[in-house]
Every structure is written in structure tokens, then in C-alpha cells.
Protein chains: 4
Amino acid sequence: MKASRWASREVDVTGSGRRKRADGQESQRRILDAAAEIAGERGYDGTSISAVSKRCGLPASSIYWHFTDKDELIAAVIERSFETWLAAVQLPDEQAGDPAERAAAMSVGVAKALLETPDFLRLGLLLTLERRPTEPTARTRFLQVREVARDRVQAALDALAPGLPEASARRLTTYALAGADGLFIAHQIHGDDVDLLEMFALHARLLTDAIARESADGAGSVP
Amino acid sequence: MKASRWASREVDVTGSGRRKRADGQESQRRILDAAAEIAGERGYDGTSISAVSKRCGLPASSIYWHFTDKDELIAAVIERSFETWLAAVQLPDEQAGDPAERAAAMSVGVAKALLETPDFLRLGLLLTLERRPTEPTARTRFLQVREVARDRVQAALDALAPGLPEASARRLTTYALAGADGLFIAHQIHGDDVDLLEMFALHARLLTDAIARESADGAGSVP
Amino acid sequence: MKASRWASREVDVTGSGRRKRADGQESQRRILDAAAEIAGERGYDGTSISAVSKRCGLPASSIYWHFTDKDELIAAVIERSFETWLAAVQLPDEQAGDPAERAAAMSVGVAKALLETPDFLRLGLLLTLERRPTEPTARTRFLQVREVARDRVQAALDALAPGLPEASARRLTTYALAGADGLFIAHQIHGDDVDLLEMFALHARLLTDAIARESADGAGSVP
Amino acid sequence: MKASRWASREVDVTGSGRRKRADGQESQRRILDAAAEIAGERGYDGTSISAVSKRCGLPASSIYWHFTDKDELIAAVIERSFETWLAAVQLPDEQAGDPAERAAAMSVGVAKALLETPDFLRLGLLLTLERRPTEPTARTRFLQVREVARDRVQAALDALAPGLPEASARRLTTYALAGADGLFIAHQIHGDDVDLLEMFALHARLLTDAIARESADGAGSVP
DNA sequence: AATGAATGAGGATTCATTCAT
DNA sequence: AATGAATGAATCCTCATTCAT
């Protein structure tokens with residue numbers, strides 16, 4: 001920290017001059033905060049340990065005390081970001097309202113969480129789209145987490161329309177997630193020109209209609 | 001790269017026996033091919049000039065003869081990829097069928113093009129999601145191109161439902177593009193477990209229904 | 001010259017769109033002009049062929065048609081710069097005025113030439129101070145040219161004070177040149193805050209006095 | 001640099017058997033030593049980080065641990081060289097001798113320091129003469145240091161001739177520094193064929209005479 | 001629990017130069 | 001007489017990682 005005369009490196013970001021005699025958890029948190037911001041903006045390759053070090057104020061070597069390597073660091077970022085994001089999602093009361101209303105409420109809950117903590121999905125999508133020679137642990141982790149989300153959506157869908165054929169359910173679940181991803185991206189591009197809550201509500205409505213029809217059809221094959 | 005001057009280093013991509021005959025356009029094409037593949041897989045930061053050099057068989061310094069820097073190279077990749085992609089999109093006959101059928105045909109045309117040349121949208125989305133300190137020219141270019149696509153979709157939508165209020169049209173256009181992006185991503189994740197053509201057809205159907213309803217409503221505000 | 005779509009290189013500096021069907025001397029002149037400017041500002045290492053190419057509007061390979069390599073190019077620059085500079089020096093009429101006046105006139109003549117074409121001495125001094133592993137031809141050339149100048153100054157000095165002992169003459173000649181170099185540098189640093197003509201006149205006066213004294217002394221050893 | 005980790009690569013400059021014990025200050029010193037030698041010989045552009053790395057035995061990346069970039073490294077070189085040089089200058093006793101003797105003693109003191117540590121002024125003059133598009137910090141630093149030296153010379157001059165008009169004082173100070181620069185260059189060219197101490201003594205004498213005359217004149221305008 | 005220092009590999013880019021046309 | 005294209009070596013600098021303290 002005692003930057004030499006010619007090369008200034010980390011800065012005392014906290015403002016507290018007194019070196020805290022090692023608070024592992026606090027340091028880890030600062031590292032993850034920094035890494036989450038950067039990785040959410042730049043993806044895997046764009047996230048350098050030295051950039052994280054600069055942003056969190058700890059030397060690069062300290063990052064390696066807490067995480068074995070970059071791969072694990074970014075995996076940890078995804079995990080913690082997911083938890084944060086999940087905490088932000090407020091699911092509607094299972095009992096309340098009719099099914100369609102519940103679906104809309106769920107949808108809007110997700111949208112709100114995305115507005116509050118967008119880094120999670122941004123990084124997740126970046127990891128998903130990138131094809132590195134050795135797949136990062138973080139990517140695998142994100143896809144696992146996404147699979148869990150997928151299962152929940154499908155469960156909600158089954159609750160909404162118990163008679164829906166398996167194939168239809170899978171298709172509509174895929175469509176539900178795809179809409180969420182796509183609308184999130186639209187919001188990334190156009191900022192608040194795209195009203196994410198409104199768009200998610202529209203998405204929920206179209207989905208509800210589709211469920212209704214495919215339920216009635218019985219078959220649900222798309223000609 | 002330590003190979004002597006006459007040892008064959010690069011792969012004879014062209015199949016034509018004559019090599020080293022200094023054909024600028026051909027070299028440029030090889031560079032763009034290589035860069036498109038890599039950038040489509042790895043994004044901006046993940047695309048290293050030396051990787052492009054290795055894949056196209058020309059030394060890194062030769063790449064700089066054809067493109068002033070990495071930024072311009074990737075911008076050129078986006079431009080050419082877009083042209084290729086656009087050529088792959090087969091738009092339906094303007095006269096044929098009823099409006100809903102035409103919408104479905106358009107949608108499937110886009111899906112087919114995405115299956116044929118997925119690199120374009122993959123790179124585009126990577127560039128869109130990444131937030132580099134200095135915005136790459138390629139990102140700007142992609143967003144411009146996307147805006148053109150957006151205008152076309154909106155025009156098609158207006159043709160389909162002339163009475164649609166402006167706000168509805170904008171919202172549905174956003175939804176149309178978002179669905180395309182999201183379904184593309186789903187296909188990236190699940191491969192052929194997701195039938196992209198079927199999903200795009202579903203997307204077109206839901207959109208057509210939504211248009212019909214919002215047209216009838218007159219207002220179309222989502223409560 | 002037909003810059004490709006992605007990499008813009010040389011510019012049509014002359015403004016004449018029509019490619020002149022090869023005018024060797026004219027091209028050579030343009031190259032030397034460009035090289036002189038750049039080398040006068042940046043020294044040997046700082047002068048890159050591509051910078052010269054950019055400034056003169058001819059491709060790098062054309063420079064190699066006129067000059068075998070960078071070393072020869074810079075040597076040619078020194079030679080031509082010297083000629084230009086020499087032409088700018090107006091030596092006083094050998095007959096006119098008393099010796100001291102003639103000395104002053106010579107001095108001012110040199111100063112004026114330095115103000116008009118400063119690149120010559122700037123490059124010369126840069127080459128002189130630099131110690132490259134393989135001595136550039138240009139440096140040798142400059143030192144030769146300087147030796148000629150030295151001889152002329154010493155001759156003028158002998159004419160001024162025929163009885164001056166050899167050692168004194170050498171010493172004062174060295175001093176005369178050193179003053180010129182040093183004042184030139186002062187002018188480089190302070191710009192027109194240093195009145196070069198005035199300073200050269202002062203230099204001439206001090207020298208004349210010194211000559212007078214050392215002539216009288218006979219010995220001229222500095223204790 | 002392909003040598004295995006334990007093969008001795010660098011020269012044991014310190015003489016102390018223990019190596020690799022990570023001593024920051026010592027490494028910094030070795031880097032500065034190497035950089036000073038090279039920059040003193042080759043100027044800014046001619047000083048490559050890899051050359052410095054080779055000469056000091058540390059890998060190039062280690063240089064970047066100690067200095068943020070080449071610009072700062074060379075600025076540090078100038079600063080340290082100046083300190084070394086200043087320590088080498090032995091100024092005469094303020095009380096001793098008559099003013100003219102003191103002036104001569106000062107002059108010779110400077111000359112001796114230049115003979116001992118010529119790298120400082122050599123690099124300084126190279127930086128002064130070079131005109132890079134972005135001015136190196138080192139150049140600015142050198143000119144600042146030079147301004148300080150200028151002030152001291154002018155103070156000494158005022159002490160020597162209190163009644164001297166301001167304009168004369170400035171002119172003679174410029175002349176004093178110019179002579180030093182020029183004679184230093186002469187010594188660089190001719191080596192020990194030019195007796196630097198003798199030349200500086202001569203310079204001091206001419207200056208003293210000039211001061212005397214301009215003092216007497218009162219005005220000191222050079223016609 | 002942390003960090004200053006070091007390190008080899010690789011990043012983008014520029015270099016001087018060559019050569020076929 | 002000139003030039004488009006190519007090329008290997010070198011440029012500055014950042015990378016992920018290690019290790020002794």
C-alpha cells in the first residue's frame with residue numbers, strides 16, 4: 001500500500017487510513033463487489049485481476065489469497081450475484097388472485113429484480129454467449145442456476161394449466177425465459193426508453209393467452 | 001512462426017496451388033473470415049490479433065496492412081457479417097397469403113438466417129452487452145444496423161395493422177425483436193433441443209394475436 | 001494510393017489527383033523534405049520510415065526505391081540540410097571593414113542562417129549526442145561537415161590575429177563553435193525570448209576581446 | 001530469457017551472494033542505473049524497456065512494477081541524475097578570494113561534475129532538442145531543473161556585479177549557460193582533445209570581463 | 001490474513017525491409 | 001519509376017500467477 005515514489009498502484013478506497021488488521025470476510029466482500037461490477041460490464045476476458053485489484057483497493061496477490069484463480073473468482077461472483085438477485089425477486093403470494101394475475105405478478109417481480117441488480121443477468125448472458133476453449137466454471141454455474149429457474153417457471157406453468165401437454169409446457173417455458181432475456185437486452189440497449197415492467201407485463205399476458213389456447217387445443221403442435 | 005521462408009506455414013485455404021501471389025482482396029477475406037469466427041465465439045476482448053493471425057495464416061503485421069487496428073477489424077466483421085446475414089434472410093412475397101401468414105413467413109425467414117449464420121447475432125449481442133470504457137466502433141455499427149432492422153419490423157407491423165396506435169406499435173416492435181434475441185440465445189444454450197423455426201413461428205403467432213387485440217382495443221395501454 | 005476500405009494510409013498531399021507518371025527528382029525532394037522535418041524534430045530513432053511516408057504522401061516502398069535504407073536516407077538529409085544551411089549563411093565581404101567588424105558580421109550571418117533553417121543544426125546535435133551501437137553514416141557526415149566549418153573559423157581567426165599561437169587558436173575556435181551550439185540550444189529552449197542575433201553579436205565581441213588579449217600575451221596559457 | 005529459473009541470468013551486481021530475495025529499493029536502483037546509462041546514450045526513443053531489462057537483469061514486467069511507464073522511468077532517471085550531478089558540483093567557499101576567482105572556481109566545479117557524471121547533461125540536452133508529439137515528463141523536469149540552475153547563476157552574477165542592469169544580467173546568464181552546454185558538447189565530440197576544465201576557465205574569464213565592461217557601461221545595450 | 005516483488009507469456013501495434021508486379 | 005502486400009523482429013505494456021515474508 002505504501003506506493004513507491006514512481007509507481008502509484010492501489011488507492012485507499014475506504015478512506016480509513018488505519019490498516020485493518022485483517023478482516024477476511026470484509027476483504028472477500030470488497031473483492032466480490034469489485035469483480036461483480038467489472039465482470040458485469042466486461043465479461044470473462046475483459047475482467048482482469050489487476051482491474052479488480054484497483055477497484056477494490058487490495059493488491060492482486062490478496063485476491064489470490066481468497067480465490068484460487070480467476071476462474072473461481074468469477075464463479076463466486078455468479079453465485080453471489082444470483083443470491084442477491086434471487087433475494088430481490090418478490091414472488092407473489094401463492095394463494096392470491098386468479099392464475100393470470102399471479103403470472104403477471106411473478107413476471108413483474110422478475111423485472112423489478114432485473115432493474116435492481118442487472119449485473120447478474122448481464123454477466124450470465126455474456127458467459128452464455130462466449131465460447132471459450134475451456135469452459136469457465138462460472139458459465140456452467142450460471143447455466144445450472146438457469147436450469148433451476150427454468151424448472152420453477154415450468155412448475156408455475158403446470159399449476160396454471162394442469163392439462164397442458166409436456167411438449168407445449170416445454171415450449172412455452174422456453175418462450176417465457178427467452179422473452180425475459182430478450183426484453184432485458186432491449187432495456188440494456190434503449191435504457192429507460194423501454195419500460196421493462198410494462199414489457200414484462202405484456203409478455204406475461206401473451207404467455208397466458210398462449211397457455212389458454214394450447215390448453216384448449218389439447219395437442220399444441222405448431223403447424 | 002520460426003519456420004523458414006519457404007516452409008508452408010499457412011493452410012492452403014483457397015485450394016489454388018499458387019500462394020504468396022499477393023492478392024489483397026483474398027487476404028482481406030481470409031482475415032475477415034477468421035476474425036468473424038473468433039469474434040463470434042469470444043467477443044471483443046477475447047479476440048486477439050494473434051489468434052486471428054493463426055487462424056487465417058497471415059502474420060499479425062499483415063492484418064495491420066488491411067485494417068488500421070483491432071477496432072476497425074471488428075467493425076468490418078460486423079458489417080460484412082450483417083451483409084451475409086441479410087442475404088440469407090428470405091423475405092416472403094409481398095403479395096402472397098394473408099397478413100398473418102406473411103408475418104409467420106418473415107419470422108421463419110429470419111430464424112433460418114440465424115441458423116445459417118449465427119455468428120452475426122452472437123457477436124452483435126456480445127458487443128451489445130459488453131460495456132467497455134471506449135465503445136468499440138463495431139458496437140455502434142451493430143446498433144445502427146439493428147435500428148434499421150427495427151424500422152423494417154415496425155413498417156411490416158404497420159402494414160399488418162394500419163390503425164395501430166404509435167405507442168402500441170413501438171411496444172410490439174420491441175417485443176418482436178426481444179423475442180428473436182431471446183430465442184436465439186435459447187438455441188445457443190440448448191442447441192437443437194430448441195427448434196428455432198418452431199419457436200419463431202410461435203413467436204409470430206403470439207405477436208399476430210397481440211396486434212389483433214391491440215388494434216381492436218384502440219388504446220392498448222397495459223394496466 | 002487507392003486506400004482500401006478499412007485501412008487508410010497515405011494521403012494525396014499535393015492535391016493533384018492525377019498520378020504523375022514518375023518524376024524521380026520531385027519524389028526524392030518530397031521524401032527528403034519530409035525526412036528532414038521529422039529527423040530534425042525526433043532524431044535518428046524517432047524517425048520512422050512510415051512517418052516519413054505519411055508526411056510525404058509516398059508509400060514506404062517508394063522511399064526504398066530512392067534510398068537503400070534508413071541510414072542512407074538520414075545521411076542524405078544531413079547533406080542536403082547542410083547545403084541549404086550553407087546557402088543561407090551570408091559571409092561578409094572579405095575586404096570590408098576592420099577585422100572585428102568582419103567577425104561580428106560573420107557571426108550574425110551564421111545566426112541568421114540558424115534562424116532560417118534550424119533543422120540542420122538540431123539534427124546534427126541530436127546525432128552528435130546520441131551514441132548508437134552502430135554509428136549512423138549521418139553522424140559521421142555531420143561531424144565531417146562540422147570539421148570543415150571548424151577549419152574555416154580557424155582560418156578567419158588566423159586572419160584576424162596572425163601571430164596567435166596555435167594552441168590559443170585551437171582553443172578559441174573550439175570556444176567559438178561551442179558558443180554557437182550553446183546559444184542555438186538556448187534559442188531552442190526559450191524561443192524568441194532569446195534574441196539570437198544579439199547573443200551572437202555578444203559572442204563575437206567577447207571572442208574578439210579574447211583574441212586581442214591572447215595575441216598580446218603571446219603565450220596564452222590559461223593558468 | 002529462456003534460461004531456467006535457477007540458471008544465473010543477471011549479473012550479480014551487488015556482489016552479495018543472496019539473490020532473488022526481493023529487495024524493492026535495490027531493484028529500483030538497478031533499473032535506474034541501467035536506464036540512466038542507456039538514456040544518456042540513446043535519448044528517449046532510443047531507450048527501449050527491453051534494453052533496460054537486459055542491462056539490469058530484471059524482466060521487463062518487473063520494471064513496470066517499479067515505474068508506471070517508460071515516461072515515468074525516464075523522468076525518474078532525470079531526477080536522480082540531477083541529484084547525483086548536483087552532489088558532484090563543489091561550489092567554492094562563499095567568502096574565499098576575490099569575485100573573479102570565485103567565478104572561475106564555480107565554473108571549474110561545474111566542469112568537474114560534468115566530467116564525472118556526463119549522463120545527466122547528455123540526456124538533458126537530448127530531451128531538450130527532441131520534439132516529440134507528447135512532451136515527455138522528463139523533458140519538462142529537466143527544463144525546470146535547468147531554470148533553477150539559471151536562477152543560481154544569475155544570483156551569483158548579481159553578487160559579482162550588483163549594479164548590472166537587469167537586461168545585461170539576463171543576457172550574460174544565458175551566455176554563461178550556453179557556453180557550458182556548448183563546451184560540454186565539444187567535449188562529447190572531441191573527447192579529451194578538449195580540456196574541459198581549461199575551457200570552462202576561459203569561459204569564466206571572458207564572462208568576468210564582459211560583466212566588468214557591461215557594469216561600467218551602465219546600459220549594456222549591444223549595438 | 002495479507003502483500004511487495006517478481007516473472008514468463010501474451011496483448012496490440014510499429015518497425016525496417018523485401019519483393020513481385 | 002513506383003507500389004501494394006507481405007513479413008519477422010521489435011516496440012510498449014498487461015496478463016495471470018507465484019512466492020517469500
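Only this structure's heavy atoms are used, side chains among them; waters, hydrogens and symmetry mates stay out. Below, chain A is the first sequence line, B the second, and so on; all start at residue 1.
- Whole-Å rounding puts the C:Ile31 CD1 to F:dA1 P distance at 12 Å.
- If you take CD of A:Glu26 and C1' of E:dA1, they are 13 Å apart, rounded to a whole angstrom.
- Taking a 4.0 Å limit (strictly below) on heavy-atom distances, residues 34-43 of chain C does not reach DNA chain F anywhere.
- As rounded to whole Å, 10 Å separates atom P of E:dA16 from atom CD1 of C:Ile63.
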(request) Convert the base pairs of DNA chain E into dot-bracket notation, remembering that pairs crossing earlier ones are written with [ ] and that bases paired across to another strand are shown as |; include only Watson-Crick or G-U pairs under 3.5 Å. (result) .||||||||||||||||||||

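- Against DNA chain E, the stretch residues 66-79 of chain C makes heavy-atom approaches under 4.0 Å through C:Asp69, C:Lys70.
- D:Glu130 has no carboxylate O lying under 4.0 Å from a charged side-chain N of D:Arg139, or vice versa, which leaves the two without a salt bridge.
- The listed nucleotides are E:dC19, F:dA2, E:dA5; the one nearest the side chain of C:Ser61 is E:dC19.
- Of the residues near DNA chain E, A:Ser62 and C:Tyr44, the one whose nearest nucleotide (by heavy atom distance) lies more toward the 5' end is A:Ser62.
- Side-chain nitrogen and oxygen atoms of A:Ser50 include at least one within less than 4.0 Å of the OP1 or OP2 phosphate oxygen of F:dC15.
- The shortest heavy-atom contact between D:Val77 and D:Ala36 is CG1-CA, 3.6 Å.
- A donor-acceptor pair is defined here as one N or O able to donate and one able to accept, closer than 3.5 Å; no such pair exists between the side chain of C:Arg42 and the backbone of C:Thr47.
- Counting only distance, with no hydrogens or angles, the side chain of D:Asp45 and the backbone of C:Asp45 share no donor-acceptor pair below 3.5 Å.
- Residue C:Leu129 comes nearest to D:Arg122 through the heavy atom pair O-CD, 3.5 Å, listed as atom of the first residue, atom of the second, then distance.
- Between A:Tyr64 atom OH and F:dC15 atom P the separation is 11 Å, expressed in whole Å.
- At distances below 3.5 Å, not a single donor-acceptor pair connects side-chain atoms of B:Asp119 with backbone N or O atoms of B:Gly40.
- In this model, the phosphate group of E:dA5 is approached by a side-chain N or O of D:Trp65 to a distance below 4.0 Å at OP1 or OP2.
- Between the P atom of E:dG4 and the CG atom of D:Leu58 lies a distance of 18 Å, rounded to the nearest Å.
- Within the 4.0 Å cut-off from OP1 or OP2 of E:dG11, at least one side-chain nitrogen or oxygen of B:Ser48 is found.
- Note: B:Leu126 CG to B:Glu41 CD = 10.5 Å, rounded to the nearest 0.5 Å.
- One atom, CG of D:Asp45, and another, P of E:dT14, lie 14 Å apart when rounded to the nearest Å.
- Rounded to whole Å, the distance from CZ on A:Arg30 to C1' on E:dA2 is 12 Å.
- Listed nucleotides: E:dG4, E:dT17, E:dA6. Nearest to the side chain of C:Ile49: E:dT17.
- Smallest separation of non-hydrogen atoms from C:Ala60 and C:Ile49: CB-CG2, 4.0 Å.
- For the pair A:Asp33 and A:Arg80, the salt-bridge criterion is met [side-chain N within less than 4.0 Å of a carboxylate O].
- The backbone N or O of A:Cys56 lies less than 3.5 Å from a partner atom in the side chain of A:Arg30, making a donor-acceptor pair.
- Both D:Ala60 and B:Gln25 lie near DNA chain F, and the one whose nearest nucleotide falls closer to the 5' end is B:Gln25.
- One finds no side-chain N or O of D:Ser27 lying less than 4.0 angstrom from the OP1 or OP2 phosphate oxygen of E:dA5.
- Contact record, A:Ile31 with A:Ser62: CD1-O, 4.4 Å, taken as the closest heavy-atom pair.
- Between the B:Arg141 side chain and the B:Ala75 main chain, no donor and acceptor come within less than 3.5 Å of each other.
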